[in-house]
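Working notes, beginning with the structure itself.
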Amino acid sequence: FTFPQITEETSFMVCIHQIVYPLTIAYNQSGGQVNCDQSGVIPCGSDAHFQIEPADCYEITDVLLNGNSVLSQLNWQGNIAHFEITDCHHSANFQVIFAEEYYRVNVAWVDGADTLQSLSSLEHCGASYAFVSHYSDDCYDIDTMLVNGVSVSWDSLQVFNDIRTDISV
C-alpha cells in the first residue's frame, strides 16, 4: 500500500478473515442419512466429506451438487456411499434423493389347455406376497415348483415374507 501524505512513521493494522461459503444439504430423512464434516459453511479452499447411508428398503437414486448429478462419482463401501468436495471456492448445494426399493414377483404356470399364463406384481421391499396354487386335472398334480430356478417343496399356499429380491415362480 502507498500513502503519499504520511510523512512520519505510522503503524497500520490489517484484519484478514477467511472467506466461507454456504453449504446446504437436503434429503428425505425417512429415506436415509447424510453426514458431513462441515456444518452449514465451507471455508474457502477447504474440503467437505459426505457419508450417505440409505435406510432399510431405500436406495440412493441420485446425488446432486449444485443441480448436477455426481452419482457416478460416489465411492461405495458396501451400502454406504462417500463423496468429497475438494478445494471449495463457491457455495455448495448438496442434495441426495432416496427412493423406496421395489421388487417384482413373477408367477407363471401352464393351464389345463397347455397355455402359458402369468401374473406379475411389484412389491415393496420387506413386504409379504402370497398366492394359492392348485391344479384342477384329475390325472395330474403339481410335484415341483421352481422359485428363482431352485426346486422348492410345493404347498397350495405359497408365502414369501420380507421380499428383498425379484422372485420368479
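All figures in this text were calculated on a predicted structure; none of them were measured in a lab. Any value given below was found using the heavy atoms of this structure, including those in side chains, with hydrogens, waters and symmetry copies removed.
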| said: Let me check something: do Ile60 and Ile80 share a hydrophobic cluster, defined by ILVMFWY side-chain heavy atoms less than 4.5 Å apart, either directly or through other members? | reply: no
| query | Which distance, rounded to the nearest 0.5 Å, do you find between the OG1 of Thr61 and the CD of Glu101? | reply | 11.0 Å
| Does His49 offer a backbone N or O that forms a donor-acceptor pair with the side chain of Asp37 under 3.5 Å? | yes
| message | Please give me the minimum heavy-atom distance between Ser69 and Asp62, naming the atom from each residue. | response | OG-OD1, 2.6 Å
| message | Hydrophobic clustering (ILVMFWY, side-chain heavy atoms < 4.5 Å, transitive) - are Leu74 and Leu64 grouped together? | response | no
| task | Rounded to the nearest 0.5 Å, what's the gap from CD on Gln95 to CD1 on Ile25? Could you check? | result | 12.0 Å
| remark: All heavy atoms of His82 vs all of Gln51, minimum pair found to be CE1-OE1, 3.5 Å
| message | Does the plane of the ring in Phe94 sit parallel, tilted or perpendicular to the ring in Phe50? Use 30° and 60° as the thresholds. | response | parallel
| Cluster link Val152 to Leu146, ILVMFWY, side chain under 4.5 Å | no
| Over 12 foreign heavy atoms within 6.0 Å of CD, Gln18 | yes
| query | Is it true that Leu23 and Val63 fall in one hydrophobic cluster, defined by side-chain heavy atoms closer than 4.5 Å? | reply | yes
| query | How about Gln73 and Leu65: do any of their side-chain heavy atoms sit closer than 4.5 Å? | reply | no
| remark: Correct closest heavy-atom pair for Ile163 and Phe160 would be CG1-O, 4.0 Å
| Can you name the nearest heavy-atom pair linking Asp87 to Gly45, along with the distance? | OD1-CA, 3.3 Å
| Would you say the side-chain atoms of Ser121 and Glu123 include a donor-acceptor pair closer than 3.5 Å? | yes
| said: Do Cys125 and Glu100 make a side-chain contact, defined as non-hydrogen atoms from C-beta onward lying under 4.5 Å apart? | reply: no
| Within one Ile-Leu-Val-Met-Phe-Trp-Tyr cluster: Trp76 and Val34, side-chain cutoff 4.5 Å | yes
| Is there a donor-acceptor contact under 3.5 Å from the side chain of Gln38 to the main chain of Asp47? | yes
| What pair of heavy atoms forms the shortest contact from Ile52 to Pro54, and how long is it? | O-CD, 4.0 Å
| query | For residues 158-169, which residue pairs qualify under salt bridge (Lys or Arg N to Asp or Glu O under 4.0 Å), counting only residues two or more places apart or in two chains? | reply | Asp56-Arg164, Asp162-Arg164
| field | Distance-minimising heavy-atom pair for Ala55 and Ser30 | value | CB-O, 3.7 Å
| Option from Tyr129, Tyr103, Tyr58, Tyr102 for which ring-ring contact (aromatic ring centres under 6.0 Å, His included) with His124 holds | Tyr102
| message | Quick one, Cys88 with Cys44, criterion disulfide bond (SG atoms under 2.5 Å apart). Give me CA distance, side-chain angles, the key distance, then yes/no. | response | CA-CA 6 Å; Cys88 186; Cys44 182; over 6 Å; no
